[in-house]
Amino acid sequence: MKKHLIALTIISTLSLSTQTMANNEIQASERNGKTEMIGFGSGAAVGALVGGPIGAFIGGFTGVWIGKSVADEEELAAQQQQLGEQQQEIEVLAKRSEQLESLTQQHARVNAQLSQLKMAQQQKLEELAIGLNVQFKTGSSVIEPHFKQQLDDVVYAMSLAPDLKLDLTGYADRQGDSSYNQALSEQRLAEVRRYLINNGIAESRLHSKAFGDTAPLKAEANLENNFFDRRVTLKLMSDRGMLAAQ
């Protein structure tokens with residue numbers, strides 16, 4: 001009789017423990033639950049073989065904890081693997097960030113160099129635009145050697161900036177007949193155009209017009225003023241400026 005009471009007490013205690021554990025396991029993940037149930041079943045089977053019904057309960061109780069331990073280890077291993085993959089992704093992103101920063105710095109250096117080059121070119125163009133005249137002797141349309149060098153500088157500047165065009169205007173002083181002066185200004189203009197074209201400037205980049213003696217620099221006609229009126233002026237222009245001139 002005492003043996004039966006002891007057995008019933010043990011069975012009741014183990015049953016209550018098993019029910020409590022079952023309630024807790026409902027809140028666990030599906031994977032842990034499966035693992036623990038496998039542990040419970042394996043432990044119960046082993047316990048039944050060893051100790052009968054009481055052994056089955058004790059074995060099942062032990063099997064649950066073994067199953068939970070296995071599940072925890074598997075979950076920990078999965079988390080460690082995930083952390084390792086995330087660490088690799090972070091390292092790849094960091095390397096890409098370093099490469100991007102290097103490219104950004106190189107781009108900034110190139111832009112700075114281009115800016116300096118453009119400033120140097122612009123300064124050269126401005127220097128050429130100041131007093132850019134080809135002067136001629138009285139009644140002549142021959143380009144003097146000094147002015148050929150000046151035209152060579154213009155050719156070089158236009159080679160650096162293919163978008164630039166050249167506005168040419170021919171003049172004559174007020175000595176002699178106006179019709180002759182008009183023809184002379186046109187001839188001077190033609191000589192300058194020919195020189196530029198022969199040195200590589202496309203004809204389409206040149207816009208020209210002759211005024212004869214109708215546009216003197218000074219109202220008074222004298223030896224000095226006449227010298228400055230015998231000229232062809234050159235003006236570097238963009239496409240927009242050339243359209244406005246036309």
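Positions are given from 1 along the sequence.
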Interatomic spacing from NZ in Lys209 to CG in Asp167 - rounded to 0.5 Å:
10.0 Å

Within one Ile-Leu-Val-Met-Phe-Trp-Tyr cluster: Met158 and Val192, side-chain cutoff 4.5 Å:
yes

Over all heavy atoms of both residues, which pair between Asn181 and Gly176 is shortest? Give the atoms and the distance, please.
ND2-O, 3.7 Å

Compute both the distance and the angle, then confirm whether Arg231 meets the cation-pi test with Tyr171: under 6.0 Å from the six-membered ring centre, within 45 degrees of the axis.
yes

Could you check whether Asp213 pairs with Arg174 (Lys NZ or Arg NE/NH1/NH2 to Asp/Glu carboxylate O, under 4.0 Å)?
no

When rounded to the nearest 0.5 angstrom, what is the spacing between CG in Leu100 and CD in Gln105?
10.0 Å

Is atom CD of Glu91 surrounded by more than 12 heavy atoms (other residues, nucleotides or ligands) closer than 6.0 Å?
yes

Less than 4.5 Å apart, side chain to side chain, heavy atoms only: is that true for Asn225 and Glu220?
yes

Apply side chain to side chain contact (heavy atoms under 4.5 Å, CB included) to Ser185 and Gln182, showing your working.
CA-CA 5 Å; Ser185 67; Gln182 178 64 35; 4.1 Å; yes

Hey, could you give me the CD/CD distance between Gln86 and Gln88, rounded to the nearest 0.5 Å?
11.0 Å

Considering residues, nucleotides and ligands other than Leu114, do more than 12 of their heavy atoms fall under 6.0 Å from its CG?
yes

Any chance you could lay out the side chain to side chain donor-acceptor pair (under 3.5 Å) test for Gln175 and Asp173, step after step, and finish with the verdict?
CA-CA 6 Å; Gln175 300 181 79; Asp173 61 28; 3.1 Å; yes

Roughly how far, to the nearest 0.5 Å, is the CD atom of Glu203 from the CG atom of Leu206?
7.0 Å

If you apply the rule side chain to side chain donor-acceptor pair (under 3.5 Å), what do you find for Asp152 with Tyr195, and how did you get there?
CA-CA 9 Å; Asp152 291 340; Tyr195 186 90; 2.8 Å; yes

Do Val155 and Phe147 share a hydrophobic cluster (ILVMFWY, side-chain heavy atoms under 4.5 Å, transitive)?
yes

CG (Asn133) and CG (Leu217) are apart, to the nearest 0.5 Å, by 8.0 Å

Could you report the tightest heavy-atom contact between Gly170 and Val232, atom names first, then the distance?
CA-CG2, 4.1 Å

How far apart are the C-alpha atoms of Leu166 and Ile201, what are their side-chain angles, what is the distance that settles it, and do they pass the side chain to side chain contact (heavy atoms under 4.5 Å, CB included) test?
CA-CA 10 Å; Leu166 195 61; Ile201 302 300; 6.0 Å; no

Could you tell me whether the side chain of Gln150 reaches within less than 4.5 Å of the side chain of Leu132, counting heavy atoms only?
yes

Side-chain heavy atoms nearer than 4.5 Å, only ILVMFWY residues, links allowed to pass through others: does that put Leu234 and Phe227 together?
no

Apply the test salt bridge (Lys or Arg N to Asp or Glu O under 4.0 Å) to residues Glu191 and Arg188: give CA-CA distance (whole Å), side-chain angles for both, the deciding distance (0.1 Å), then the verdict.
CA-CA 5 Å; Glu191 290 296 326; Arg188 289 167 175 168; over 6 Å; no

Would you give the length of the straight line joining atom CD of Gln99 to atom OG1 of Thr104, rounded to the nearest 0.5 angstrom?
11.5 Å

Looking at Leu164, Ile197, Asp163, which one forms a side chain to side chain contact (heavy atoms under 4.5 Å, CB included) with Arg205?
Leu164

Candidate list Lys148, Arg194, Gln135, test side chain to side chain contact (heavy atoms under 4.5 Å, CB included), partner Ile143, passing option:
Lys148

